[in-house]
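Okay, structure first, notes after.
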2 protein chains.
Amino acid sequence: MLRFTLRQLEYLIACIDTGSLVGAAAQLNVSQPTISAAIAKLENQLGAQLLIRHHAQGVVPCASAQVHIKTARHLLQLAAEFQLECDSSGSELTGVLSLGCFAPLAPTYLPGLIARLNDQYPDVELKVFEGTQREVAEGLRAGTQQLGLVYDLDLPEGLYKHELLSVQPQVLLPSSHKLAAKKQLSLQELAAEPMVLLDVSPSRTYFTGLFQSQGFNPVIAHRSSSLELVRGLVGRGLGYSILVTRPAGDTTYDGQKLAIRPLRDRVEPSRISLCGLESSRPGNISEAFRRVCADYFSQLAS
Amino acid sequence: MLRFTLRQLEYLIACIDTGSLVGAAAQLNVSQPTISAAIAKLENQLGAQLLIRHHAQGVVPCASAQVHIKTARHLLQLAAEFQLECDSSGSELTGVLSLGCFAPLAPTYLPGLIARLNDQYPDVELKVFEGTQREVAEGLRAGTQQLGLVYDLDLPEGLYKHELLSVQPQVLLPSSHKLAAKKQLSLQELAAEPMVLLDVSPSRTYFTGLFQSQGFNPVIAHRSSSLELVRGLVGRGLGYSILVTRPAGDTTYDGQKLAIRPLRDRVEPSRISLCGLESSRPGNISEAFRRVCADYFSQLAS
DNA sequence: GCATCTAAATAGGGTTAATCTATTTAGATG
DNA sequence: CATCTAAATAGATTAACCCTATTTAGATGC
């Protein structure tokens, strides 16, 4: 149990610096008896004399207290720094932002976002954690991350969301596929074909849900949790796929050409959102990052 | 103006360490609403959210507060150290003792005192300041020193004194002096002889006062503020002197033999005292040093 | 799905502590 | 010796702190 307060130390140091209780009182905008009582109490609580009172000529620190006074100064300085740190994190845009990101979104969007952030807010350090939607949501709840960049799908309660981009799913075909000749493709045309499913939550249920909402059931020929593997399998003619993430370039890692076609059906788009805890008021850094995201994605959409 | 208290930080850290307000309350022996209110107030005062509340599963620190929490821990640790420092300086005998010493007393008495102190209280560091009686007294008032080793002569008001040793003045003669043959000497015999005066305050007035109290006036042939120079001048036959400090050995720095004789007259002895400020309650270290002094000087007297 | 459990928030009241103004004490100074 | 300066004290007011009792709300088990 601590037997002193920072306020008391402030008073003490002011007394020593000004050389009198009156001076300290003036400096700190309190009355002289306030100082007198506070110092007396501090001396009692610590069980040591701190000041020598010279009636008409102020006070001086007593020899045995010199070492305590030194530590008290350190303590007050650290306290001031703590205060400053809290203040500046409220006003200036300096500090660390921890961002959780649904892993498949990261390679496509984060490089551009980070570049923008560094440009506009060079003093903000971004710490990125990549994981599943579930992991991101848990990170938010655990306080590990302040914001999450996710699809607005299967998110738990208690999160606020800022929609950033609405993406229509697209069909991937090997360029040699018979349907590749068409400009648009319908779910009906695809339903009987072998499909390569991106098998990660929540994408899995989203893609299969597209068919089910139209009364079809896709034929899953292959599953993979890796976007690049899915593209590779499609490139090698093992089936078509439906994806929302579209990397620049239509070539797979092993050099095959892909044909990418829009869906004819009007389906529910995937929504990329920035989310955070409802119970956690976003700070200035979070707000800054939200603006950067909004700018960046609105530019992507146009 | 600091907008937080150490108590609040204690509560905060306890919440984080125990993971719940209830746990913190139990740990710190206060009620749960006390913690709740204190944290809420702290968050308001600092303008930042610190904890994420999960209704039935306690709290976690929020990401943006991680850095603040780190500093808060430092602050609390330093505060605990400060407290410990104050506590131990009250009980254990560890620390620094600043001693003012009337310079002529130093070479005779301090070596033995310091050796004893080191022996009995090895963790007490002694800082010695040598100066005039006046300087020592001012050092006490200024808080530079805690104790003073002085003659109880011409001391200002406001000091308490512990008498350590009562010393009779002694007559110094060149060994070849005509009076050196006598076992004792009276002031009357000396009054007409040339005198070498140790000319430092308060010794000066003490020595001349010895004669004046008997109705004589000494013939001052030489003056010096240095004890060794006085002894040297006497050794070379330039006069007698009266001193209270008697170094071991009756040879001057330049090799002359001195004769040292007691005074026949009953005069006021010089009293060596340990003094301190009346307004300043002596600490444990001061008390320890006083005991060491009492032991040492009582041994000298016997 | 409903009851139970856990933990945080809120309400209301009582006690302590901090601060104020006014006055007194006491050493320093001319 | 009167005056000045600064600390200490007295007494009253206010704010802060902490308590018990209760409510809210999410999590968990049957």
Side-chain angles (χ1 to χ4, degrees), chain A residues 1-12 14-16 18-45 49-62 137-138 140-142 156-159 277-280, chain B residues 1-12 14-16 18-45 49-62 137-138 140-142 156-159 277-280:
Chain A
M1 189 69 174
L2 293 175
R3 287 192 303 278
F4 65 94
T5 70
L6 286 175
R7 174 88 41 106
Q8 287 170 334
L9 297 190
E10 270 189 301
Y11 290 175
L12 173 66
C15 285
I16 289 163
T18 63
S20 78
L21 307 206
V22 172
Q27 181 180 310
L28 298 171
N29 294 313
V30 294
S31 70
Q32 171 261 319
T34 298
I35 305 279
S36 176
I39 300 286
K41 185 163 193 187
L42 181 61
E43 288 181 324
N44 276 336
Q45 285 168 331
Q49 188 179 5
L50 299 169
L51 298 180
I52 299 170
R53 280 81 162 170
H54 288 139
H55 267 104
Q57 355 183 80
V59 292
V60 289
C62 78
E138 279 172 359
L140 291 173
R141 314 198 75 208
E157 295 285 297
L159 300 181
L277 273 191
E278 262 172 9
S279 59
S280 174
Chain B
M1 190 68 177
L2 293 174
R3 289 192 301 278
F4 66 94
T5 70
L6 286 174
R7 174 90 40 105
Q8 287 171 333
L9 297 190
E10 271 189 300
Y11 289 175
L12 173 67
C15 286
I16 290 163
T18 63
S20 77
L21 306 208
V22 171
Q27 181 179 308
L28 299 171
N29 294 312
V30 293
S31 71
Q32 170 263 319
T34 298
I35 305 278
S36 176
I39 300 286
K41 185 165 192 184
L42 181 61
E43 288 181 325
N44 276 336
Q45 286 167 330
Q49 189 180 5
L50 298 168
L51 298 179
I52 299 170
R53 280 83 164 168
H54 288 137
H55 267 105
Q57 355 184 79
V59 292
V60 288
C62 78
E138 278 171 359
L140 291 172
R141 314 199 75 209
E157 294 285 298
L159 299 182
L277 273 191
E278 260 172 10
S279 59
S280 174

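Quick note on labels: first sequence line is chain A, next is B, and so on, each numbered from 1. From a predicted model like this one, the values you see are computed outputs, not experimental measurements.
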With distance as the sole test, does [X] use its side chain to make a donor-acceptor pair with the main-chain N or O of [Y] at under 3.5 Å?
| X | Y | answer |
| --- | --- | --- |
| B:Gln8 | B:Glu43 | no |
| B:His54 | B:Val60 | no |
| B:Arg53 | B:Val59 | no |
| B:Gln49 | A:Ser279 | yes |

[X] [atom1] to [N] [atom2]: how many Å, rounded?
| X | N | atom1 | atom2 | result |
| --- | --- | --- | --- | --- |
| B:Arg3 | D:dA16 | CZ | P | 15 Å |
| A:Leu21 | C:dT19 | CG | C1' | 15 Å |
| A:Ile39 | C:dA18 | CD1 | C1' | 14 Å |
| A:Ile52 | D:dA6 | CD1 | C1' | 16 Å |
| A:Leu2 | D:dC17 | CG | P | 15 Å |
| B:Asn44 | D:dA16 | CG | P | 13 Å |
| A:Ile16 | D:dA7 | CD1 | P | 13 Å |
| B:Leu50 | C:dA8 | CG | C1' | 16 Å |

Going through the distances and angles, do A:Val22 and A:Ile35 end up as a side chain to side chain contact (heavy atoms under 4.5 Å, CB included)?
CA-CA 8 Å; A:Val22 172; A:Ile35 305 279; over 6 Å; no

Which residue lies toward the 5' end of DNA chain C, A:Ala37 or B:Gly23, if each is placed at its nearest nucleotide?
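With A:Ala37 and B:Gly23 compared, the 5'-side residue is B:Gly23.
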
Between B:Gln27 and B:Thr18, is any side-chain donor less than 3.5 angstrom from a side-chain acceptor?
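Per modelled atom types, B:Gln27 and B:Thr18 side chains form no pair under 3.5 Å.
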
Let's go through A:Tyr11 and A:Leu21 carefully: what are the C-alpha distance in whole Å and the side-chain angles of both, what is the deciding distance for side chain to side chain contact (heavy atoms under 4.5 Å, CB included) to 0.1 Å, and is it a yes or a no?
CA-CA 9 Å; A:Tyr11 290 175; A:Leu21 307 206; over 6 Å; no

OP1 or OP2 of [N] less than 4.0 angstrom from a side-chain nitrogen or oxygen of [X], does that happen here?
| X | N | answer |
| --- | --- | --- |
| A:Tyr11 | C:dT19 | yes |
| A:Ser36 | D:dA8 | yes |
| A:Arg7 | C:dA18 | no |
| A:Arg53 | D:dA6 | no |

For DNA chain C, produce a single dot-bracket line, 5' to 3'. Pairs: Watson-Crick or G-U wobble, both distances under 3.5 Å. Symbols: ( ) within strand, [ ] crossing, | other strand, . unpaired.
||||||||||||||||||||||||||||||

Applying side chain to side chain contact (heavy atoms under 4.5 Å, CB included) to B:Thr34 and B:Leu28, what does each step give before you reach the verdict?
CA-CA 11 Å; B:Thr34 298; B:Leu28 299 171; over 6 Å; no

Let me have a per-nucleotide readout for nucleotides 20-30 of chain D, 5' to 3', with B, S or -, counting only protein heavy atoms under 4.0 Å.
BB---SBSS--

Give the intermediate values and the outcome of side chain to side chain contact (heavy atoms under 4.5 Å, CB included) for residues A:Ile52 and B:Leu277.
CA-CA 9 Å; A:Ile52 299 170; B:Leu277 273 191; 3.3 Å; yes

Could you please name the option among C:dA18, C:dT10, D:dA7 that lies closest to any side-chain atom of A:Lys41?
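Out of C:dA18, C:dT10, D:dA7, the nucleotide with an atom closest to A:Lys41's side chain is C:dA18.
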
